[in-house]
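Working notes, structure below.
First the proteins, then the strands, lettered A, B, ... as listed; each starts at 1. Remember, it's a predicted structure, so these values are computed and weren't measured experimentally.
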There are 2 protein chains.
Amino acid sequence: MPTYKEIRNVLLDRIKSGEWRPGNLLPPEAELAEEFGSTRVTVNRAMQSLADDGFVERRRKAGTRVVQRTERDALIRIRIVRDEIEQSGRRYNYLLISRGRERPPQRIQAELGASGDLEALHIVCLHFADGRPFQLENRWINLDVVPQAGSESFETISPNEWLLQKVPYSNAEHTFRAATADSEEKEHLDLGPNEPVFVIERTTWLDGRTVTHVMLSHPADDFRIVTRD
Amino acid sequence: MPTYKEIRNVLLDRIKSGEWRPGNLLPPEAELAEEFGSTRVTVNRAMQSLADDGFVERRRKAGTRVVQRTERDALIRIRIVRDEIEQSGRRYNYLLISRGRERPPQRIQAELGASGDLEALHIVCLHFADGRPFQLENRWINLDVVPQAGSESFETISPNEWLLQKVPYSNAEHTFRAATADSEEKEHLDLGPNEPVFVIERTTWLDGRTVTHVMLSHPADDFRIVTRD
DNA sequence: AATCTTATTATGAATATACATAATAATTCA
DNA sequence: TGAATTATTATGTATATTCATAATAAGATT
């Protein structure tokens, strides 16, 4: 392991063990460099990476101090649904339900950051795990940003995977919520009355322009999100 | 902005714009250094940070190439419930419902990584927003790891905030799911029959020892999680 | 004592340099 | 021709050095 990572680990251990409590000032770089038999530059690298990860706060001359945390960050890895299903050892199936150019409803129009009377591509499709409905996808694609979508049938490739190929590095915002299934969800997800769904909503944009908005509904008894690290 | 961040941004723009597609090889450091009128070390810093963030993959001699993404990472910031409520402009209230030493049920015992017949502190409490139940907290604390909890009444401070003060840098794993409210949730969260809840489960550990396990239930119509950045 | 100025100090950042290491390419030899 | 060896190359890491910058402390001035 590189020296700066080793130093980083030692420092982090001292923070986690409570030797350096939130608010405490850490020794200056030069002092730590001497202690570890290294140089200031290397200690600087170690402390910078701690600062990048939010464990300490650094200000010139004022020194480095342990951050007082009142919140915690959790990381979620969102896989494309095919992988999610296959990695759980189940068989994946895809079904296109509908596809067409439409004027989106007000709420979606707003999400798409639309100017006036935009026409968008509206796709509804289903993803199955071992033959059972797993995810209902209700998607709007902004044809101003991704015109090629207009000539794609989406009968064999899901819009999710298609978009990932065309627009690989867009940004996204996700919302997670619970709800009682509406009639469309009940029908396609094969749910009884009053059954809950877990809903993910995602808006995706590139260069400030909204690419797509999607609502992904899952039967609650077969879906959960787990954070990593 | 520091040089290496400027270079990083330019490189990232080229990736996002599609100039460098997934799988493509980036020019070597020396070449980019010349292009930007900088040095190899500085370009190295920029490319390292792109690799840290998962945009590129680097191997000695083999070069740096754009990663083919099939998954995306989303970051969630989990605030303590008091802050969450107050930052939405609402009044926060806290109510302790029960507190006692108990032998945890099998499922919790497993979560706590318990050895045999462990006794844990079991706390049930409620968090209100503007007088309406917002979160039902059902918590088990491992007294082997945090013995001080045994002498804290938790009548005025919630276990969440108390633990954050005592064990500031623990690790955690979260699970998010939707469910129909059970009888306890219905009673305390003031829900009608068949109403859904959004449940967060969190296990927290320090040095491989489980500190606490908690189940946080919310009325679905008043709770959602939104990712950042 | 209050305010302004100056010096000091810790971190921020860039560069030149040196050597390590892993992957690939080129070469040699059986 | 195929396998083994060697050279080349791109990245990985550490260090010394230099200068910048911001926050604080110390001192001078009114």
Which sits closer to the 5' end of DNA chain C, B:Y4 or B:R59, going by the nucleotide each is nearest to?
-> B:Y4

Please state how far atom [atom1] in [X] lies from atom [atom2] in [N], giving the value in whole angstrom units.
{"X": "A:E57", "N": "C:dA10", "atom1": "CD", "atom2": "C1'", "answer": "15 Å"}
{"X": "B:N44", "N": "C:dA18", "atom1": "CG", "atom2": "C1'", "answer": "14 Å"}
{"X": "B:R58", "N": "C:dT21", "atom1": "CZ", "atom2": "C1'", "answer": "14 Å"}
{"X": "B:K61", "N": "C:dA25", "atom1": "NZ", "atom2": "P", "answer": "6 Å"}

What residues form a side-chain contact (heavy atoms from CB on, under 4.5 Å) with A:S17, not counting sequence neighbours?
-> A:E19

Identify each donor-acceptor pair in which a side-chain atom of residues 20-28 of chain B lies under 3.5 Å from a protein atom, sequence neighbours left out, and give them as a table.
from: B:R21; atom 1: NH2; to: A:Q165; atom 2: O; distance (Å): 2.9
from: B:N24; atom 1: OD1; to: B:R21; atom 2: N; distance (Å): 2.9

Taken in chain and number order and not counting sequence neighbours, the residues that satisfy ring pair (Phe, Tyr, Trp, His ring centres under 6.0 Å) with B:Y4 are none

Find the distance between CZ (B:R8) and CE (B:M1) and round it off to the nearest 0.5 Å.
-> 10.5 Å

So does B:D207 have more than 12 non-hydrogen atoms from other groups sitting under 6.0 Å from CG?
-> no

Testing B:E137, B:R82, B:H218 for side-chain hydrogen bond (donor to acceptor under 3.5 Å, both in side chains) with B:H127, which one passes?
-> B:E137

Residue-level proximity of residues 19-29 of chain B to DNA chain D when a heavy atom falls under 4.0 Å = B:P28, B:E29

Ring centres of B:W140 and B:H122 under 6.0 Å apart?
-> yes

Report yes if a donor N or O on one partner sits less than 3.5 Å from an acceptor N or O on the other, where the partners are the side chain of A:R40 and the base of C:dG12; otherwise report no.
-> yes

Note: chain A reaches DNA chain D at heavy-atom distances under 4.0 Å over the stretch, first to last nt, 5' to 3', of D:dT13 to D:dT24

Identify, with sequence neighbours excluded, every residue that meets salt bridge (Lys or Arg N to Asp or Glu O under 4.0 Å) alongside A:R58.
-> A:E29

OP1 or OP2 of C:dT11 less than 4.0 angstrom from a side-chain nitrogen or oxygen of A:T64, does that happen here?
-> yes

Nearest-nucleotide comparison on DNA chain D, the residue closer to the 5′ end among A:K5 and A:R60 | A:K5

Trace of the side chain to side chain contact (heavy atoms under 4.5 Å, CB included) decision for B:T203 with B:T210 = CA-CA 7 Å; B:T203 304; B:T210 305; 3.7 Å; yes

